[in-house]
Amino acid sequence: MSSRYNHRITEKKWQNAWSEKKVFSSKKNKKKEKYYVLEMFPYPSGRIHMGHVRNYTLGDVVARYKKMKGYNVLHPMGWDAFGLPAENAAITEKKHPEDWTYQNIKTMKKQLLQMGLSLDWEREIATCHPNYYKHEQKFFIDMFNSGLAYKKEAEVNWDPVDKTVLANEQVIDGKGWRSGAIIEKKKLSQWFLKISKYSEELLEDLDKLKDWPNKVKVMQSNWIGKSVGAEIDFKLSKSEKNIKIFTTRPDTIFGATFIALSTEHNISKEISKNSISAKNFIEECKDLNPDKTKKGFDTGLFVEHPLIKNKKIPVFISNFVLKEYGLGAIFGCPAHDQRDLDFANEYNLEVIPVLRPSNIDINDFSIKNVAYTEPGIVINSDFLNGLSTNEAKEKVIRIIQEKKIGLRKTNFKLRDWGISRQRFWGCPIPILYREDGKVIPVDEEDLPVKLPKVENFNETSSTLKNIENWGETKCKKTGMKAFRETDTFDTFFESSWYYFRYCNARSEMPFDEGDINYWLPVDQYIGGIEHAILHLLYSRFFTKALRDLGYFKLGEPFKGLFTQGMVTHQTFKNNKNDWIEPKDIQEKNGVLFDRNNNPVVMGKIEKMSKSKKNVVDPNDIIELYGADTARWFMLSDSPPERDLQWTENGITSSYRLINKLWEFVDKYRSYKTNDSDDNKTINELKKIINEVSSNIEAFQFNKSVAKVYEFVNLLNNAVSKNTISSSNFEWSLKKLSIILQPFVPHISEEIWSAISQKGLCIEQAWPVEEIENNNENVNIAIQINGKTRGVIEINKSFDKTKIFEMVEKDNKIMKYIKDKKIIKKIYVPGKIINFVI
RNA sequence: GGGAGUAUGGCGGAACUGGUAGACGCGCCGGAUUCAAAAUCCGGUCACUUCGGUGGUGUGGGUUCAAUUCCCUCUACUCCUACCA
């Protein structure tokens, strides 16, 4: 009986079947090899978007495939549940952030269930739950006690719109990463984690991460920013004081013609106390963009050149020297640094070339407006003359160390991680300020420090500081009055260890070391490239820090990483430059109009975003076409690491495949033939199955998809021409449902059950096919001078001379080689023949 | 300025360690089915061609019997980063 495929009924049916049999619930089993698949957990914003659909579909392919390969798979899901949007929503919707968050989690979980993901929901976590965040309060206390967490007065990035401090990493082009507001500088007392302590290890261990994209490792390595050089003292004339500078180019020291200090350098500050013009200059610098103008203030001070007797060098306060990097002071060598040259030209300072390119004579070499920054041969530099850049660096460092006027020194760009946020909806920092001025951690038995319940949440509720009675408490030991820290953690704190928590999500202890040793590291982590630095670097740091605090022995959390591309969609704009939603566009005689009859033009293809109105809601797609169709589309065509363009044609063609599959199975379910076949088709199908596997292993799901199409086409052909036996056909359908399982699991189960197979398809073993290779004939190409001129079918066992004989008699080939002298004959077994004439 | 990457039909993209370029999907063209349409099915689809062929993987060169693949040059685009001394 023929029936149309009904995804609404079928998908629900199999989702229930999986859940009733608990097929995705994972248990530690030391006899089985584990495989931990993880997608970056979502922020519960309200609804899932296409980016989630793509991310979780990719992960689900891996999880299902590995399960069928026999691994003990852990594939958990949870919620990155703290964060600003909840507060904003709480204010506008007059709901508590907690209620809003849990409501969203409920909706989104339902959507994820509809996608048919092979998730173990028994391990679900929400980071806003006290049973989750109490553990990180404990970590923080451990870090505080071991000196890894500390407080300091710091000029911080203040976001005036979100009214919070941001980490350096959250400031992009001087603007807040969320609000886009221009960031102000503000001095506040802040909590920091000493990530800089791990700079070297974080950098070195990147080499161990063989299964990470190189791109991400390069980005992290740049961010950590190791540079090797020297610290050198420049003695102030008429004073015993020194100015210490950091340089990576000690080889150019003989070209030093000025010293530049940052505006925050101690000497700058000191001078500005007595000099109004210096003070004004420093003020002025706050509005000066050093990109455009390099400005300096001549302090009138001089330093002695450390290696040239009686040479005095002027000292400037400048707007282009960073205060946080190195020592906030540099020597300027204008000949070999473009910035220094620009500055020197502005103030008419000396330019002394001390390096020449190795292929240019010293007399032909001069510096005008372009500094020579490449390595070269040292000139004009006393005892360094004639050395290469690298040799000179070594020699200078040796000599300044001997003279005790400097040191070899390594510097990192990586700053300590500022974690204080002046927000309500985050994890409270478990610290007390006692009335005697002591800063003490909250007693561990008093954890968690819970967020207060707030009725009528409003703007003023959005920092803990403003909540009455919450902060006041007592020190248990002394009975002294104490006030709670009212800042909360940066939400990257929660996401830095959630993948640990999944291993024992319900345990009273933060970690069960047995579970961690078994499940971790994450074998395959999948998420967006936007987390290449922030989340991934913090997580790596957290793992090392918790290791050093004695929780476990792991050093790197993510063995394999995959960064997927974005989901993009066509944008449209009308003649008023407004973005227009695709559904609001009508076509009249080939011209596009919006609802108000304004002409519309196609814009760029961009990442789906609400502001550009090119969003497609996965919910609508799943309703209309089903989860399998949506999943299939996410996997088709584009390689996972590249952007995927959403198109209407793409989704309907996926839908077509799903229906075609069912119609095919339905039509031929009772296929019977008395003919026997030659196994050729089966051999081809087996090859395809193995290719599907290797493509999955290589994370090239678009190629697996193409192979599945080939499988279906081939089988379809064989059946309609009766060239496959009944038993082989039955075999093929069984294999078909199995290879469909990781991609479109619902219809896979439906086919599996329709062909009367027992159990669930997901519980079957993934096939590895042996391909029979008995004296097969092969087609090989025949080339003349490298150009293909024909194809010949030969038996593999034939030897070279026999094959050449055959080829030379071939009609097609004869016309090319007759009357010509064959200079060389090449035969690559099973592949190609080439005649050089 | 520094770093990473990409470039193949009308489109998304295939081509394993150099070995029949364009798999698979979309679109388009033709046909079948239909009163008609949608849906579906079948066939065709790199370009030029005197139908023998010829050219073709961003540009120009090199290595090789053979190059989308390896090396050099240039061009275009994308992403990251940015006064890090």
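In what follows, chains are A, B, ... by sequence order, proteins preceding strands, each numbered from 1.
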- Tell me the partner of rA4(B), counting only Watson-Crick (N1-N3 plus N6-O4 or O6-N4) or G-U wobble (N1-O2 and O6-N3) with both under 3.5 Å; none if nothing fits. rU78(B)

- Message: Side-chain N or O of Arg642(A) versus OP1/OP2 of rU6(B): is the shortest distance under 4.0 Å?
- Response: no

- Task: Sort out the partner of rC51(B) for me: Watson-Crick or G-U wobble, both distances under 3.5 Å, none otherwise.
- Result: none

- Is the base of rG9(B) syn or anti, where syn means the angle lies within 90° of 0? syn

- Tell me what Gln645(A) touches on the nucleic acid: a base, only sugar-phosphate, or nothing, going by heavy atoms under 4.0 Å. nothing

- Query: Does Thr788(A) place a side-chain N or O at less than 4.0 Å from the phosphate oxygens OP1/OP2 of rA21(B)?
  - Reply: yes

- Any Thr647(A) side-chain nitrogen or oxygen under 4.0 Å from OP1 or OP2 of rC11(B): no

- Item | Whole angstrom value for the distance that separates C1' of rU20(B) from CD1 of Ile832(A) | 6 Å

- Query: Roughly, in whole Å, what's the span from CG in Asn834(A) to C1' in rG19(B)?
  - Reply: 9 Å

- Query: How is Lys707(A) classified with respect to the nucleic acid when contacts are heavy atoms under 4.0 Å: base, sugar-phosphate, or nothing?
  - Reply: nothing

- Look at the side chain of Arg656(A) and decide which nucleotide, out of rU40(B), rA85(B), rC80(B), has an atom nearest to it. rU40(B)

- Would you mind reading off the distance between Asp637(A) atom CG and rA14(B) atom P, rounded to a whole angstrom? 10 Å

- Task: Any chance you could lay out the side-chain contact (heavy atoms from CB on, under 4.5 Å) test for Phe316(A) and Leu349(A), step after step, and finish with the verdict?
- Result: CA-CA 11 Å; Phe316(A) 288 81; Leu349(A) 301 170; 4.0 Å; yes

- Task: Tell me what Val828(A) touches on the nucleic acid: a base, only sugar-phosphate, or nothing, going by heavy atoms under 4.0 Å.
- Result: base

- So do Phe633(A) and Trp646(A) actually touch side chain to side chain, heavy atoms under 4.5 Å? yes

- Below 4.0 angstrom, N of the basic side chain to O of the carboxylate: do Lys295(A) and Glu284(A) qualify? no

- Separation of atom CD1 in Ile792(A) from atom C1' in rG19(B), rounded to whole Å: 17 Å

- Message: Check for me whether Lys226(A) meets the cation-pi criterion with Phe412(A), that is, NZ or CZ under 6.0 Å from the six-membered ring centre and within 45 degrees of the ring axis.
- Response: no

- Message: So if I take every side-chain heavy atom of Lys831(A) and compare against rG13(B), rC24(B), rC16(B), which nucleotide ends up nearest?
- Response: rC16(B)

- Presence of Tyr709(A) side-chain N/O under 4.0 Å of rA23(B) phosphate oxygens OP1/OP2: no

- Task: Measure the acute angle between the ring planes of Tyr5(A) and Trp662(A), then classify it against the limits of 30° and 60° as parallel, tilted or perpendicular.
- Result: tilted

- Message: Between Glu231(A) and Arg408(A), does any side-chain N to carboxylate O distance fall below 4.0 Å?
- Response: no

- Message: Is there a side-chain contact between Asn713(A) and the phosphate of rG25(B), meaning an N or O under 4.0 Å from OP1 or OP2?
- Response: yes

- Message: Nearest whole Å is fine: how far is rC79(B) C1' from Met566(A) CE?
- Response: 9 Å

- Query: When the nearest nucleotide of RNA chain B is assigned to Val321(A) and to Gly786(A) on a heavy-atom basis, which residue is associated with the more 5' position?
  - Reply: Gly786(A)

- Task: Hey, which sits more toward the 5' end of RNA chain B by its nearest nucleotide, Ser636(A) or Lys703(A)?
- Result: Ser636(A)

- Phosphate OP1/OP2 of rU81(B): any Asn222(A) side-chain N/O under 4.0 Å: no

- Query: Does a side-chain N or O from Lys824(A) land closer than 4.0 Å to OP1 or OP2 of rC65(B), or not?
  - Reply: yes

- Tell me the partner of rC16(B), counting only Watson-Crick (N1-N3 plus N6-O4 or O6-N4) or G-U wobble (N1-O2 and O6-N3) with both under 3.5 Å; none if nothing fits. none

- Message: Could you tell me if Lys294(A) sits above the aromatic ring of Phe320(A), with its cationic atom closer than 6.0 Å to the ring centre and no more than 45 degrees from the axis?
- Response: yes

- Query: To the nearest Å, how far apart are Ile823(A) CD1 and rC65(B) C1'?
  - Reply: 10 Å

- Item | Glycosidic conformation of rG25(B), taking syn as within 90° of 0 and anti otherwise | anti

- Item | Rounded distance in Å - CG (Leu322(A)) to P (rG1(B)) | 20 Å

- Item | Protein-nucleotide distance (Phe804(A), atom CZ; rC65(B), atom P), rounded to Å | 15 Å

